[in-house]
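Following: one structure in structure tokens, then a few remarks.
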Amino acid sequence: MQNLAAELRLPTNGLDYTILAIYFVVVLGIGFAARASVKTSLDFFLSGRSLPAWVTGLAFVAANLGATEILGMAATGAQYGVAVVHWYWIGAIPAMVFLGLVMMPFYYRSKVRSVPEFLLQRFDKSAHLLSSILFAFSAILIAGVNLYALSIVVEALLGWPQWVAIVVAGLFVLVYITIGGLSSAIYNEVLQFFVILAALIPLTLLGLKRVGGWDGLSDSLTSKHGSNFMSAWGGTGIGDANPLGANWLTIILGLGFVLSFGYWTTNFAEVQRALSAKNLSAAQRTPLIAAFPKMFIVFAVMIPGLVAAVVVPNIGTDGSGTTYNDAIPLLMRELLPNGVLGIAVTGLLAAFMAGMAANVSSFNTVFTTDIWARYVKKDQSDAYYLRFGRLITALGVLASIGTAFIAASFSNIMSYLQTLFSFFNVPLFVVFIIGMFWKRASMKSGVWGLLAGTTAAMVNYFVIYKQGVIDIPSDQGANFVSAIVGFVAGAVVMIAVTLFTAPKPEAELAGLVYGTEAPGAPEVPEEGDSAWYRRPALLGWGAIVLAALCYVPYSF
């Protein structure tokens with residue numbers, strides 16, 4: 001795959017490198033400061049369940065501000081146009097609200113340390129082990145995406161070969177996670193959230209100025225790609241042609257329901273931030289607080305992608321020497337002066353490290369608590385698991401370095417990520433949603449639902465789509481279809497298996513299925529949590545209404 005050529009190296013100077021060096025010193029400083037609070041495995045993996053909602057909320061959205069958001073969404077904007085807003089307003093906000101209002105009470109009250117551990121309580125060991133293995137594997141693949149995206153920027157900044165950039169960046173993230181555990185990752189993510197905004201906002205404003213504002217941008221892209229390129233829903237009728245290669249049904253069901261809910265409600269890299277909150281109210285508010293910045297960040301990643309489609313001739317086309325993933329670095333080179341360029345590069349590196357750290361910290365938790373401690377080395381001391389957690393973090397980073405080279409084979413890393421989500425997150429979601437709302441779902445139905453959903457999604461993508469059995473216009477359209485196929489297959493198999501196998505005793509389902517009471521006394525809200533502006537229902541429904549209103553200017 002071709003990447004930024006040597007002549008496109010960013011014109012950095014001493015000021016830019018100084019800003020970058022200061023940031024790295026601060027990041028390592030936070031890691032060493034967090035080390036003092038890591039005394040037990042709970043501290044290392046879940047920050048001792050002690051963090052306030054505003055910290056976990058910002059960390060929640062920052063953990064998602066990795067390659068998916070910055071390079072991936074800008075690439076999607078350059079390739080598909082305004083349709084990128086679907087990944088935010090219908091592909092994120094409803095699922096984040098559902099997580100906060102409906103699913104977090106189950107997660108938090110059950111005192112689980114990970115998402116797979118919930119499946120152990122609801123189903124059986126086979127569902128737990130399979131989900132743990134699948135999640136650990138997918139976390140390493142996704143961490144590799146962030147490493148690869150980071151290497152693109154470092155290559156443009158320093159001219160380093162990609163493999164050197166991947167290795168150096170991976171080792172740096174390893175240091176601060178191994179030292180400070182999840183607390184280090186989360187507090188760095190809060191810092192990174194503001195650094196990322198400081199990088200993207202100037203790039204967005206200068207990009208709009210370069211192309212004559214939104215009207216100039218719209219006129220240029222409409223004349224080049226047609227009116228549907230600048231419309232969220234234009235041309236999405238069934239059978240109609242549009243840049244995304246998907247219709248309204250696959251967008252709503254495939255992205256808005258299956259992929260979105262599968263990712264946001266079961267992806268432990270996100271859920272882990274909420275589980276580290278100090279109480280249930282804070283845990284519920286974590287994804288709800290995150291929903292508000294999430295719905296507006298789309299402008300800071302979509303607009304640079306659209307501007308790149310105007311400013312960079314033939315971006316992503318054969319023979320151009322560029323890919324859609326190069327949109328942000330190319331635009332930085334074209335628009336940003338020194339000093340601001342240093343901030344922008346720092347923001348991009350912060351974003352990729354946040355995304356990688358989120359996946360590595362969730363990987364070390366799942367591998368240590370759900371695989372090693374339960375099936376390999378049982379009943380060891382807490383100090384042993386703390387040491388092993390640090391060791392497996394190092395191994396996870398090394399594995400991520402390897403998977404970064406897989407991501408390099410995709411011209412649009414967003415397509416690659418959506419492919420992974422359809423394989424791993426969607427089957428997990430269908431098992432969760434059926435198990436959480438249907439008491440009759442049997443213990444054995446969980447593992448068979450996971451197997452069926454994952455297999456069906458892979459068969460649809462690799463056989464039906466890649467071999468041309470059915471004509472699907474784009475990778476993204478194929479991912480939406482794979483997600484729907486995986487969800488339906490998992491649900492059908494779960495229902496069928498349930499009809500022929502024994503359900504879990506109802507007494508063991510308390511607090512694990514909707515409508516059942518959790519054992520023990522109900523939690524008493526802390527002082528201040530009952531204030532009207534902190535009520536989860538108000539925050540959640542407010543986010544839903546606001547996201548729907550955001551569609552209005554882009555629907556015609």
Side-chain angles (χ1 to χ4, degrees), residues 1 67-68 71-73 75-81 83-84 86-87 90-91 134 137-138 141-142 144-145 148 225 228-229 233 235-263 266-267 316-318 323-325 403 405-430 449-493:
M1 173 183 154
T68 309
L71 291 193
M73 286 301 181
T76 301
Q79 186 172 4
Y80 300 119
V84 71
H86 294 311
W87 273 268
I90 196 172
L134 290 175
F137 184 61
S138 65
L141 288 171
I142 296 171
V145 174
Y148 164 63
H225 297 285
N228 289 341
F229 199 80
W233 294 104
T236 59
I238 296 176
D240 293 344
N242 63 79
L244 191 58
N247 57 55
W248 65 268
L249 185 62
T250 55
I251 291 172
I252 292 174
L253 291 182
L255 174 62
F257 176 59
V258 181
L259 273 172
S260 171
F261 278 66
Y263 174 80
T266 66
N267 185 35
T317 59
D318 293 336
T323 70
Y324 292 112
N325 294 328
T403 60
F405 294 99
I406 299 176
S409 64
F410 286 74
S411 64
N412 185 332
I413 52 178
M414 187 61 198
S415 296
Y416 174 53
L417 284 167
Q418 295 293 312
T419 302
L420 296 180
F421 296 155
S422 68
F423 292 169
F424 300 113
N425 291 84
V426 168
L428 192 58
F429 171 63
V430 70
L450 277 174
L451 280 172
T454 300
T455 302
M458 288 183 173
V459 167
N460 180 78
Y461 187 83
F462 290 116
V463 178
I464 296 176
Y465 168 58
K466 285 297 186 181
Q467 301 303 317
V469 177
I470 295 178
D471 182 30
I472 303 177
S474 68
D475 284 346
Q476 290 290 13
N479 291 332
F480 296 164
V481 175
S482 295
I484 295 171
V485 169
F487 183 90
V488 172
V492 169
V493 169

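This one's a predicted model, so the numbers in the text were calculated from it and none came from an experiment. Note that the numbering runs from 1 along the sequence shown for the chain.
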**Q.** Residue from V258, V485, L259 passing side-chain contact (heavy atoms from CB on, under 4.5 Å) with F480
**A.** L259
Q. Can L141 and F424 be said to form a side-chain contact (heavy atoms from CB on, under 4.5 Å), step by step?
A. CA-CA 11 Å; L141 288 171; F424 300 113; 4.1 Å; yes
(Q) Could you go through N460 and S482, starting from their C-alpha distance and side-chain angles, then the distance that decides it, and tell me whether this counts as side-chain contact (heavy atoms from CB on, under 4.5 Å)? (A) CA-CA 6 Å; N460 180 78; S482 295; 2.7 Å; yes
Q: May I ask you to test the L134-T454 pair for a side-chain heavy-atom distance under 4.5 Å?
A: yes
(Q) Within the structure provided, determine whether T250 and L255 are in side-chain contact (heavy-atom separation under 4.5 Å). (A) no
Q | Greater than 12 external heavy atoms within 6.0 Å of W248's CH2 | A | no
Q: Kindly assign one of parallel, tilted or perpendicular to the pair Y461 and F423, based on the angle between their ring planes and the thresholds 30° and 60°.
A: perpendicular
Q: Provide the closest heavy-atom pair for N425 versus G262 in the form atom of the first, atom of the second, distance.
A: CB-O, 3.4 Å
Q) If you measure from NE2 on H86 to OG1 on T76, what distance do you get to the nearest 0.5 Å? A) 12.0 Å
Q. Closest approach of A456 and G486, non-hydrogen atoms and distance?
A. CB-CA, 4.4 Å
(Q) Working to the nearest 0.5 angstrom, can you tell me the gap between F229 CZ and Q79 CD? (A) 8.5 Å
**Q.** Ring geometry between F487 and F257 (parallel below 30°, tilted from 30 to 60°, perpendicular above 60°)
**A.** perpendicular
Q. Do S422 and N479 pass the side-chain hydrogen bond (donor to acceptor under 3.5 Å, both in side chains) test, and can you show the C-alpha distance, the side-chain angles, and the key distance before you say yes or no?
A. CA-CA 6 Å; S422 68; N479 291 332; 4.6 Å; no
Q) Hey, are the side chains of I142 and F421 touching, using non-hydrogen atoms and a 4.5 Å cut-off? A) yes
